[in-house]
Protein chains: 2
Amino acid sequence: MSQEKSFIDRLEVRVVVFSLRDDQLQALFCRSEPIITQVAWELPGDCIPIHQSLEESAGQCLAYFIGLHEAYLEQLYTYGDPGQDPEKRVISVVYFAIIPAGTIINTKIQPTIKWFPVKELPELANNHRDIVDYALRRLRYKLEYTAVGFELLPENFTLTELQRTYELILGEKLDKRNFRRRILEAGVIEPIGQWQSGEGRPARLYRYRPDAVAEVQARRLFP
Amino acid sequence: MSQEKSFIDRLEVRVVVFSLRDDQLQALFCRSEPIITQVAWELPGDCIPIHQSLEESAGQCLAYFIGLHEAYLEQLYTYGDPGQDPEKRVISVVYFAIIPAGTIINTKIQPTIKWFPVKELPELANNHRDIVDYALRRLRYKLEYTAVGFELLPENFTLTELQRTYELILGEKLDKRNFRRRILEAGVIEPIGQWQSGEGRPARLYRYRPDAVAEVQARRLFP
DNA sequence: GCAAAAGTGTTACAGTTACACCCATGG
DNA sequence: CCATGGGTGTAACTGTAACACTTTTGC
């Protein structure tokens, strides 16, 4: 095993932050340093201090950019192609994060950040567009067989809100009765005994049961 | 964004190599340098030269250890917890590889490597046991919704061999008629017009259709 | 001719989908 | 009292799982 050291790699963490805002799935970007003249956006990120684990760094990145200390966080992929300069390479360990709808984030910490709907992304630096696309695929995919959808919602929510969340991410309409029957049968949520009033009949509020076992048996390609 | 450089990180690639051997799923390890006196095994790996991409390095690792230049390769996870020494950290980008059954590998290149059945792993260095467990989960999982199972087989195979492969990895018996019906209906394999003889009636040989679309619609947790 | 492995259909059951109306509240 | 969104059950259909015997070859 060769022992050649890689002194000139730069190791960074990047985070794709998703949230539901304005009835759309949005992702967070920050303005990149204008290298030539073009201004582009990039994924929030940072170097990884030697004393930190990768996940800690991703978490700290969230704290730094949006002042948030708790969020769903999952490693997505590590990118590390050599660039044009054969003496330089950036290793990007990318995480994705999910922020509950309605979370108030402190944009004063970092005035250069901005949310964009995933359907209307701006021009992004490097391969960040591909990264977001991949994160989105993973989110959709994961939504189908785990309970990750609840991470997008506040602690208490109505069944209509939950259904809307699923519809937004999957990009298709779902049947109300089937949706309700199945999610209640799955036993992953419980009513909190309160109702949310607004226009029309008040809606029962539910919360996710953190003890819920919410992995579905995959459908096999072959039996 | 802070610009602190991480000079003392060591960046390495590791590969979990799976193959079917002796009617068992096996993984490849190499003898680790005996640090104190205890001899343990570790995942084959190497440093990542600055001019290479991560996947290239993983591929080169396969070439170096077993003289193989083509194999299914997929990024698994990146590990990078700080160790005891706060000035040192190893970043391990881990891939997993699948080698078709019957592939003759050149163990003369590296006499210190050895296959172990995944059910009888030896003592492994660092967190490599966890890594293998995770790779195995991913392999099982992936088998259920993609056609990755074919990577474990030689180019031509019988339906019984294919079924056996699935049974070995999933760890359960499958029904012969259901298995055959569904895989043939899926249209991912085609007969090559030859038969393999041995004991009993000769078996028809098939091959995987590389143009096959072989992703199954996931079963949803909620509709 | 027999041992050994390949190959082949049907039926019962479970899960999924499609679908339309009444209910409770606020204004 | 009416507009608005919340809430509820059933029937047809589709996919899945369970199951045993015949066929072809080598020895």
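Residue numbers start from 1 in every chain, and the chains themselves are labelled A, B, ... in the order their sequence lines are given, proteins ahead of strands. A quick note: this is a predicted structure, and the numbers were derived from the prediction, not measured.
- The side chain of R201(A) has dA24(C) as its nearest neighbour among dA18(D), dA20(D), dA24(C).
- Closest contact between the side chain of R204(A) and the listed nucleotides dG7(D), dT4(D), dA17(D) involves dG7(D).
- Using a 30° and 60° split on the angle between ring planes, F150(A) and Y166(A) fall in the perpendicular class, above 60°.
- Look at CZ on R181(A): it is 13 Å from P on dA11(D), rounded to the nearest Å.
- The residues R164(A) and E167(A) are annotated as salt-bridged, a charged nitrogen and a carboxylate oxygen being separated by less than 4.0 angstrom.
- Of the candidate nucleotides dG9(C), dA18(C), dT8(D), dT8(D) has the atom nearest to the side chain of R177(A).
- What separates NZ of K176(B) from P of dA4(C) is a distance of 15 Å, to the nearest Å.
- E161(A) places its CD atom 15 Å from the C1' atom of dG7(D), with the value rounded to the nearest Å.
- Between R180(A) and dT8(D), a side-chain N or O to OP1/OP2 separation shorter than 4.0 Å is absent.
- Between the side chains of Q26(B) and S19(B), not a single donor N or O lies within less than 3.5 Å of an accepting N or O.
- If you take CH2 of W195(B) and P of dG26(D), they are 14 Å apart, rounded to a whole angstrom.
- Applying the 4.0 Å criterion to OP1 and OP2 of dG6(D), one finds that T160(A) has a side-chain N or O inside that range.
- Between the CD atom of Q163(A) and the C1' atom of dG7(D) there is a distance of 12 Å, rounded to whole Å.
- Out of dA20(C), dC19(D), dA24(C), the shortest distance to the side chain of P202(A) is found at dA24(C).
- Taking the nucleotide of DNA chain D with the nearest heavy atom to each of G200(A) and G198(B), the more 5' of the two is matched to G200(A).
- Of the charged side-chain nitrogens involved, none lies within less than 4.0 Å of a carboxylate oxygen, so that R207(A) and E155(A) do not count as a salt-bridged pair.
- With rounding to whole Å, Q196(A) atom CD is found 10 Å from dG7(D) atom P.
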